Amino acid sequence: MSNIIERTDVVIVGAGFTGLSAALDFQRAGIDCLVLEARARVGGRVEAKPNGLGELIDSGGQFLCQDMPELMALAKARGKTFVATHVEGDFITHPPMSVEQAERTYVTAMAIRERMNAIEPDDPSIAGLTVATWLEHQKDTPDAKAAFRSMIEGLWCLALDKVPLWYLIDNDRRITNEVPELQYSLRETMQSLAEDIAGDLGQGLRLNAPVTRIEHGPQGVRAVTAGGVVEARAALVALPPATAAKLEFTPALPENVAKALGVWESGAVLKILVRYARPFWRERDWSGMVMWRDLPGLFACDTGKDAEHAALTVFVGGPLALRWHELGAAQLRAQVAARLVDALGPDAAGIVDFSVRDWTHDRWSGGAYSDLIVDVTARDAERTILAGVPPVYFAASEVSPSFPGYVEGAIVAGRIAAGKVQSAIATSASGS
Ligand SMILES: Cc1cc2nc3c(=O)[nH]c(=O)nc-3n(C[C@H](O)[C@H](O)[C@H](O)COP(=O)(O)OP(=O)(O)OC[C@H]3O[C@@H](n4cnc5c(N)ncnc54)[C@H](O)[C@@H]3O)c2cc1C
């Protein structure tokens with residue numbers, strides 16, 4: 001191991017939107033910082049890669065909506081082109097239902113979600129309950145419960161019997177958009193925003209630099225990578241909790257903090273872009289949105305950026321993603337194509353390009369949109385993580401007060417953490 005030692009004010013671990021937005025705030029405040037990123041690129045769970053046609057596509061986080069103020073402001077400030085998602089037309093369910101029936105089922109599933117969110121997370125009568133146990137005791141029809149389960153497993157990407165009810169309520173209450181979250185994507189890709197910030201950071205960012213250990217004490221921190229050591233006054237660990245739990249700390253983290261990081265589990269998601277020669281579903285007045293009632297966690301929507309780029313994005317979330325993760329590439333493609341043909345007819349077989357990003361068990365970010373708490377007793381986990389072990393601080397989209405599990409949440413979490421670290425540094429400077 002090399003023994004190069006560098007010095008900075010704040011070392012940030014992770015160049016996802018949490019780490020990048022914190023770094024930008026430090027830079028604006030004139031605080032020296034260095035971001036260490038494990039991968040060869042920035043963006044974390046936001047990623048762009050070329051499909052088989054050479055078109056750059058968002059293979060991770062992609063959508064934003066007007067109710068996400070930080071992300072909207074950033075995209076506007078960076079001059080991005082907003083592409084409105086095509087939503088006009090009928091929503092298809094499979095096995096088929098009439099449009100009226102499908103709408104009724106959706107409304108009832110949303111009513112279950114609202115009923116759930118009306119419960120106080122601290123209500124003692126729900127202590128120890130998972131979402132699955134609670135749902136079993138609801139008096140809704142099996143169809144409505146199946147639609148609710150599909151919606152939740154699709155959005156949170158974990159089996160409902162793993163997720164504490166109080167946690168889902170607490171988390172869902174922070175997702176406050178009134179317009180659909182799929183409202184826009186960016187023509188230049190969401191990833192281009194991360195690249196823009198990386199450009200501003202210049203030498204303040206290092207790629208291919210996974211941090212393996214953080215040594216910490218009252219005098220400051222040392223972040224250890226294979227290439228050397230970065231000494232700093234504070235460290236901001238901008239990693240999803242289950243990934244942060246894998247870091248080595250010297251001395252070991254206090255038991256309550258280690259436990260708070262250990263109660264999270266990454267979900268599983270596959271994101272698939274299916275390109276067609278023409279948007280045949282639009283010709284039938286279908287929106288391209290499809291929900292499979294027999295396969296919870298499977299969902300498709302129209303993500304064509306214009307008439308020449310007809311595309312459906314298929315999301316496979318939760319237990320279904322874990323099962324399909326085991327399929328080989330050819331089998332997965334056959335499986336998805338067959339499901340699309342079931343729902344949208346034989347035209348759906350005319351696939352021009354099929355591009356899969358399997359996030360399941362991703363080494364650096366966990367396997368889905370976000371990690372979730374899976375311990376019904378861990379009511380204090382987020383608070384404990386946010387308190388950190390100064391001068392080591394933690395932040396990630398997961399622990400954001402708004403839009404946890406979204407890019408917006410990552411920006412908010414990064415900015416709050418930057419403010420906290422900045423004032424801690426100022427206090428220690430004035431005290432020394
Ligand atoms: C398929 C998919 C689709 C999504 N769709 C949307 C969407 O449409 N809209 C939306 O708002 N959100 C979406 N999300 C969620 C959103 O992308 C995330 O919530 C957000 O990007 C998380 O940002 P973060 O910085 O907190 O974490 P991350 O992006 O996970 O960043 C953590 C960073 O730390 C790095 N790292 C890990 N370990 C180390 C280490 N030891 N040393 C150094 N670096 C390390 C990782 O490589 C990564 O770059 C999606 C996510 C996925 C996976």
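Computed from a prediction, not measured in an experiment: that's the story for all the values here. Each ligand, and each atom within it, is numbered from 1 in the order the structure gives.
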Practice item. Say whether, by atom type as modelled, one donor and one acceptor occur between the side chain of Asp58 and the main chain of Thr189 under 3.5 angstrom. Key: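 No, because the side chain of Asp58 does not come within donor-acceptor range (under 3.5 Å) of the backbone of Thr189.
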**Study point:** Side-chain donor or acceptor of Thr212 paired with backbone N/O of Val224 under 3.5 Å
**Key:**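 Present.
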Look only at interatomic distance and state if [X] has a nitrogen or oxygen under 3.5 Å from any nitrogen or oxygen of ligand 1.
X      : result
Pro240 : no
Ala368 : no
Gly405 : yes
Val407 : yes
Arg39  : yes
Glu408 : no
Ser397 : yes
Glu37  : yes
Lys271 : no
Ala410 : no

Check your understanding: Which atoms from ligand 1 have a heavy atom of Val46 less than 4.0 Å away?
Key ->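 Close to Val46: 17 (O), 21 (O).
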Review point. Between Arg206 and Glu37, does at least one N-O distance fall below 4.0 Å, as a salt bridge requires?
Key: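 No.
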Exercise for review: Please state which part of Trp359 comes within less than 4.0 Å of ligand 1, counting heavy atoms only: side chain, backbone, both or neither.
Suggested key: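 Side chain only; the backbone of Trp359 stays clear of ligand 1.
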**Study point:** Ala395 and ligand 1 - part of the residue with a heavy-atom distance under 4.0 Å
**Key:**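 For Ala395, no heavy atom sits under 4.0 Å from ligand 1.
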Review point. Considering residues, nucleotides and ligands other than Glu88, do more than 12 of their heavy atoms fall under 6.0 Å from its CD?
Key: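 Above 12, so yes.
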Check your understanding: So which of Asp371, Leu239, Thr18 gets nearest to atom 25 (O) of ligand 1, if we judge by its closest heavy atom?
Key ->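 Nearest option to atom 25 (O) of ligand 1, by heavy atoms: Thr18.
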Practice item. List the atom of Thr8, the atom of Leu34, and the distance in Å for their closest heavy-atom pair. Key: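 Scanning both residues completely, I find the closest heavy atoms to be OG1-N, 3.8 Å.
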Review point. Quick one: does Gly43 get a heavy atom under 4.0 Å from ligand 1?
Key: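 True for this residue.
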Check your understanding: Should Ser370 be listed as contacting ligand 1, given a heavy-atom distance under 4.0 Å as the test?
Key ->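 Outside the 4.0 Å threshold, so no.
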Exercise for review: Name all residues meeting the ring-ring contact (aromatic ring centres under 6.0 Å, His included) criterion together with Phe148; count only those two or more places apart in sequence or in a different chain, and write none if there are none.
Suggested key: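 Here no residue qualifies.
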Practice item. Using only heavy-atom distances, determine whether the side chains of Asp371 and Ser266 contain a donor-acceptor pair under 3.5 Å. Key: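 There is such a pair between these side chains.
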Exercise for review: Taking the six-membered ring of Trp359 (Phe, Tyr or Trp), confirm whether the NZ or CZ of Arg357 is under 6.0 Å from its centre and within 45° of its axis.
Suggested key: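 Yes, a cation-pi geometry holds between Arg357 and Trp359.
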